[in-house]
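One structure is given here, and the rest of the page talks about it.
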Amino acid sequence: MMLTLIYLHVLLLSYLPTKKNKRIKEINQEVETILRQMIEQREKAILKGENTSNDLLGILLQSNIRESQEGGTKNAMTTEDVIDECKLFYIAGHETTTASLTWALILLSMHPEWQERAREEVVNLFGNSKPDYEGLSHLKIVSIQSFLQ
Ligand code: HEM
């Protein structure tokens with residue numbers, strides 16, 4: 001009951017034409033326009049059979065196009081759905097990564113001996129060259145498992 005009331009208040013407040021709410025709407029619209037352009041460009045490229053980059057958005061759109069060709073529009077995601085997925089993925093990935101990195105830095109500053117071990121491992125593996133994905137998978141101290149212990 002209490003939560004419903006709070007939710008209702010927040011919802012009503014978001015409709016007030018305050019400066020902040022206008023800015024929120026503007027930014028939201030800007031983000032949606034950018035995402036819509038990206039999605040439509042990619043869809044066109046896929047339909048033309050061009051070799052689009054093999055990232056998550058590409059895989060999602062490819063599967064969605066296949067779905068709509070095979071099963072008709074009823075099973076396919078709309079562009080609005082894809083925009084929502086992009087927003088969700090971005091925010092979920094951004095916030096969690098930010099919090100994890102901040103927490104890792106706090107822990108390292110509390111335990112300088114682990115800083116030393118982590119630095120040594122990275123320098124031993126990569127020296128002065130730029131870290132690559134293959135190398136990253138060999139890190140033991142600088143890894144999610146060691147972070148969670
Ligand atoms: C410390 C790292 C992370 C933690 C602890 C975490 C935790 C969670 C949890 C608990 C859920 C809810 C799962 C459920 O509904 O049962 C979730 C969902 C989700 N996470 Fe993460 N997450 C992390 C990192 C990320 C990253 C890096 C991304 C993307 C780049 C991401 C994308 C998502 C998405 C898209 C969902 C919604 C899945 C759905 O459709 O239900 N997460 N995450």
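If you read the sequence from its start, that first residue is 1, and numbering goes on from there. Read the numbers this way: they start at 1 and go in the same order the structure lists the ligands and their atoms.
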**Request:** May I ask whether atom 1 (C) of ligand 1 is less than 4.0 Å from at least one protein heavy atom?
**Result:** yes
**Message:** With heavy-atom distances below 4.5 Å as the criterion, would you say the side chains of Leu57 and Val82 are in contact?
**Reply:** yes
**Message:** With a 6.0 Å cut-off (strictly less than), is the heavy-atom count around NZ of Lys87, excluding the residue itself, greater than 12?
**Reply:** yes
**Prompt:** Do you see a protein non-hydrogen atom under 4.0 Å from atom 8 (C) of ligand 1?
**Reply:** no
**Asked** Considering all protein heavy atoms, does one lie under 4.0 Å from atom 23 (C) of ligand 1?
**Response** yes
**Message:** Main chain of Ala76, side chain of Glu67: is a donor-acceptor contact present, judged purely on distance under 3.5 Å?
**Reply:** no
**Asked** To which protein heavy atom is atom 35 (C) of ligand 1 closest, and what is the distance rounded to 0.1 Å?
**Response** Phe89 CD1, 3.7 Å
**Prompt:** Among protein heavy atoms, which lies nearest atom 40 (O) of ligand 1, and at what distance?
**Reply:** Leu88 CD2, 4.3 Å
**Message:** Could you check whether atom 15 (O) of ligand 1 has a protein contact, counting only heavy atoms that fall below 4.0 angstrom?
**Reply:** no
**Prompt:** Going by heavy atoms in the side chains, are Thr98 and His94 under 4.5 Å from each other?
**Reply:** yes
**Prompt:** Protein heavy atom under 4.0 angstrom of atom 38 (C) of ligand 1, is there one?
**Reply:** no
**Prompt:** Is a side-chain N or O of Glu121 found less than 3.5 angstrom from the main chain of Lys140, in a donor-acceptor match?
**Reply:** yes
**Request:** Around atom 26 (C) of ligand 1, find the nearest protein heavy atom and jot down its residue, atom name and distance.
**Result:** Gly93 CA, 3.6 Å
**Request:** Nearest heavy atom to atom 42 (N) of ligand 1 wins, so pick from Ala99, Cys86, Ala92.
**Result:** Ala92
**Fill in**
One should read off an interatomic distance between Glu40 CD and Leu61 CG, to the nearest 0.5 angstrom, of 10.5 Å
**Item:** Residues Lys44 and Glu50 bridged, charged N to O under 4.0 Å
**Value:** no
**Prompt:** With a 4.0 Å cut-off, would you call Glu26 and Arg23 a salt bridge?
**Reply:** yes
**Prompt:** Quick one: does Trp114's side chain get under 4.5 Å of Ile141's, heavy atoms only?
**Reply:** yes
**Prompt:** Considering only heavy atoms of Ser100, which atoms of ligand 1 have at least one such atom less than 4.0 Å away?
**Reply:** 1 (C)
**Complete:** protein heavy-atom neighbour closest to atom 25 (C) of ligand 1 works out as Thr96 OG1, 3.4 Å
**Request:** Please indicate, with yes or no, if any protein heavy atom is found under 4.0 Å from atom 33 (C) of ligand 1?
**Result:** yes
**Request:** Answer yes or no for atom 11 (C) of ligand 1: protein heavy atom present at a distance under 4.0 Å?
**Result:** no
**Request:** Please check atom 29 (C) of ligand 1 for a protein heavy-atom neighbour under 4.0 Å.
**Result:** yes
